[in-house]
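Single-structure report; data block below.
Numbered from 1 within each chain, the chains take letters A, B, ... in sequence-line order.
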Number of protein chains: 2
Amino acid sequence: MLPARLHPAGHEGPPPGVEAQPLLRRLGRLATLSAAEVSIITEACRGPLRELPARGEIHAEGACPPPAALVSGWAARVRMLADGRRQIVAFLLPGDLIGRPPPCLPAPCAALALTRVLLADAQPLFAASRFPQAPPTSGLARALRAAELQEEVLLRDQVVRLGRQTAYERLASLLLELRQRLEAAGLAEPNRFALPLTQEVLADALGLSIVHINRTVQQMRRDRLIELRGGQVIILQQETLQSVADWQDMAGLQD
Amino acid sequence: MLPARLHPAGHEGPPPGVEAQPLLRRLGRLATLSAAEVSIITEACRGPLRELPARGEIHAEGACPPPAALVSGWAARVRMLADGRRQIVAFLLPGDLIGRPPPCLPAPCAALALTRVLLADAQPLFAASRFPQAPPTSGLARALRAAELQEEVLLRDQVVRLGRQTAYERLASLLLELRQRLEAAGLAEPNRFALPLTQEVLADALGLSIVHINRTVQQMRRDRLIELRGGQVIILQQETLQSVADWQDMAGLQD
DNA sequence: CGCGTCGTTGACACGGCTCAAGCTTAGTGG
DNA sequence: CCACTAAGCTTGAGCCGTGTCAACGACGCG
């Protein structure tokens with residue numbers, strides 16, 4: 001059963017404000033949130049949202065943007081080399097956080113919308129987590145911290161993929177990562193999810209050429225590990241995929 | 001002029017305790033430290049140090065070790081694949097921090113000593129930075145935070161290297177990174193530093209084979225960009241090296 | 001209908017890997 | 001002082017994974 005909060009037809013502007021779900025689900029999984037904290041999050045997602053079209057720049061390289069939460073759509077952290085080569089450093093999915101509160105370095109990556117994207121102002125979340133009030137530490141603070149640590153784990157996975165895995169393994173590994181993250185945001189069925197990425201984007205993420213990504217996808221199809229059509233992935237043999245990818249579930253991250 | 005704090009002959013156990021310098025220099029560069037904070041750091045480095053030989057395991061994959069500071073020697077964060085392939089995710093240099101205080105995920109990487117290594121207990125630093133006492137925020141807290149953010153920047157550089165650069169470019173980029181980091185710890189002259197790494201270690205860091213690292217080094221020697229003998233690197237043409245590496249100074253990181 | 005974007009395929013080149021051997025250096029024990 | 005050994009470095013030959021170039025097909029949109 002797919003999310004009931006899909007709005008009927010085309011995207012005629014930001015939806016009513018029911019879109020707090022990915023953030024709520026994800027942060028709620030990282031730590032238990034109080035009712036007050038839940039409403040802070042909901043409120044932030046109801047607030048004025050920033051909308052960007054596909055290919056829009058969320059922030060430039062070297063910027064130090066105010067913290068935002070990705071409410072819907074896909075984005076990526078991107079670094080360009082002088083001669084135009086491009087590397088996608090990380091994918092940003094609904095429920096992910098994009099900037100950091102003020103004491104921060106200039107971002108070494110630009111952030112780029114890969115689809116149409118809605119961003120909420122995340123400043124209230126950080127503000128609310130800052131004052132160590134009643135509880136040992138606020139659940140929100142723990143969740144934000146855990147999200148940050150998780151991002152670093154993903155970065156390390158990316159390093160291993162790029163440094164020591166073949167094209168086939170990289171693709172398997174990335175698909176499993178995306179499935180798990182989407183699932184944490186409530187956006188994936190166990191073996192099926194939307195993948196709104198062109199092969200060029202996959203190539204730039206996995207450090208390969210477009211052509212080779214294509215061949216790799218096809219091989220994986222022929223091996224009947226996955227189906228991939230029309231922006232939908234179906235994982236046919238999760239076990240095999242996991243062993244190909246040398247997958248190790250990062251499990252808990254429950255603080 | 002090289003550091004005057006080199007103790008005379010062989011390594012007959014931890015030195016008197018003068019080895020707080022890399023940590024002090026590095027953290028002091030990230031934020032201004034109060035006299036009290038300086039003495040906390042000095043004290044931690046005088047305290048009982050943990051010593052490991054080259055190849056010793058600082059902590060295993062999946063562990064959640066107490067925070068430590070690398071006082072002397074080189075180490076690395078390492079991930080192994082099931083079939084024995086190895087990827088060095090990051091290098092750890094004197095002045096770097098290794099674990100995090102308790103609310104932390106199980107480490108996705110093992111930490112491995114690459115040379116003989118001395119570790120100080122970093123818990124006092126984190127403890128001291130936790131209570132937001134007098135100043136706006138303690139300089140130590142800001143420095144520790146900046147160190148963490150800087151680590152993430154380095155990880156992203158590593159992703160770009162592995163994803164989109166050639167062997168030659170990767171090596172150039174890594175050498176420049178190491179020079180800069182060692183310099184921040186007071187362990188490098190402008191164009192010369194110690195590089196106590198075997199070519200196998202370089203290969204595992206740069207996602208290449210030993211043989212190819214060797215050829216790449218030789219090419220760089222023939223091009224007279226660097227000299228590299230007996231664990232010493234001399235950078236002969238910094239400008240050229242920077243343009244090869246697509247180097248962008250991450251500059252400030254002054255909060 | 002025409003155009004642009006994306007996906008697909010083939011031919012070929014090349015960077016980097018593997019295998020294999022020889023070399024240098026430092027350490028060790030006779 | 002000299003084998004002897006082990007670790008690290010170097011070099012060559014050949015292969016293979018991946019990149020490049022080029023063309024074509026499929027689809028969606030104005």
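Under a 4.0 Å N-O distance rule, the pair A:Arg50/A:Asp121 does not qualify as a salt bridge. Between A:Arg85 and B:Glu169 there is a salt bridge, since at least one side-chain N of the basic residue sits less than 4.0 Å from a carboxylate O of the acidic one.
Looking at A:Arg156 and B:Cys109, their side chains come closer than 4.5 Å, going by heavy atoms from C-beta outward. Side-chain contact between B:Gln248 and B:Gln242 is absent, with no heavy atoms from C-beta onward closer than 4.5 Å.
Across the interface with DNA chain C, nearest-nucleotide mapping of A:Asn214 and A:Arg164 shows A:Asn214 to be the residue nearer the 5′ end. Nearest-nucleotide assignment on DNA chain D puts the 5′-proximal partner with B:Val217, out of B:Val217 and A:Gln165.
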Passes side-chain contact (heavy atoms from CB on, under 4.5 Å), A:Gln232 versus A:Phe193? Steps please. CA-CA 6 Å; A:Gln232 289 281 322; A:Phe193 56 92; over 6 Å; no
Run the side-chain hydrogen bond (donor to acceptor under 3.5 Å, both in side chains) check on B:Gln219 and B:Arg222 step by step: do they pass? CA-CA 5 Å; B:Gln219 185 60 48; B:Arg222 276 193 295 276; 2.9 Å; yes
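Contacts between residues 225-234 of chain A and DNA chain D, defined by a heavy-atom separation under 4.0 Å, are absent.
Here the P atom of nucleotide C:dG7 and the CD atom of A:Gln218 are 11 Å apart, to the nearest Å. Residue A:Leu202 contributes atom CG, which lies 12 Å from atom P of C:dC6 at whole-angstrom precision. Nucleotide C:dG10 holds its C1' atom 7 Å from the CZ atom of A:Arg215, rounded to whole Å. Between A:His212 atom NE2 and C:dC14 atom P there is a gap of 18 Å when expressed in whole angstrom units. Remark: P of C:dT18 and CD1 of B:Ile213 are 13 Å apart, rounded to the nearest angstrom. Separating the CD1 atom of B:Ile210 from the C1' atom of C:dA20 is a distance of 14 Å, rounded to the nearest angstrom. The distance from atom CD of A:Glu200 to atom P of C:dG7 is 9 Å, rounded to the nearest whole Å.
Residue-level contact check: A:Leu208 touches the backbone only, with heavy atoms under 4.0 Å from sugar-phosphate atoms and none from bases. Counting non-hydrogen atoms under 4.0 angstrom, B:Arg221 reaches the backbone sugars and phosphates but no base. Within 4.0 Å (heavy atoms only), A:Val211 reaches at least one base atom of the nucleic acid. If you check every strand for non-hydrogen atoms under 4.0 Å, A:Thr198 touches sugar and phosphate atoms only. B:Arg85 comes within contact range of no nucleotide atom at all, as no heavy-atom separation falls under 4.0 Å.
Within the 3.5 Å criterion, the main-chain N or O of A:Ala205 finds a donor-acceptor partner in the side chain of A:Gln158. One N or O on the side chain of A:Arg170 and one on the backbone of A:Leu206 form a donor-acceptor pair closer than 3.5 Å.
Atom-to-atom distance recorded for A:Leu52:CG and A:Leu118:CG is 9.0 Å, nearest 0.5 angstrom. Here the straight-line distance linking atom CD1 of B:Ile226 with atom CZ of B:Arg179 works out to 13.5 Å at 0.5 Å rounding.
Here chain A contacts DNA chain D (any atom closer than 4.0 Å to a heavy atom, that is under 4.0 Å), and the contacts span D:dT18 to D:dC21 from 5' to 3'.
Using a 4.0 Å cut-off, some side-chain N or O of A:Gln199 falls inside it from OP1 or OP2 of C:dT8.
Set against C:dG10, C:dT8, C:dG16, the side chain of B:Thr166 has C:dG16 as its closest nucleotide.
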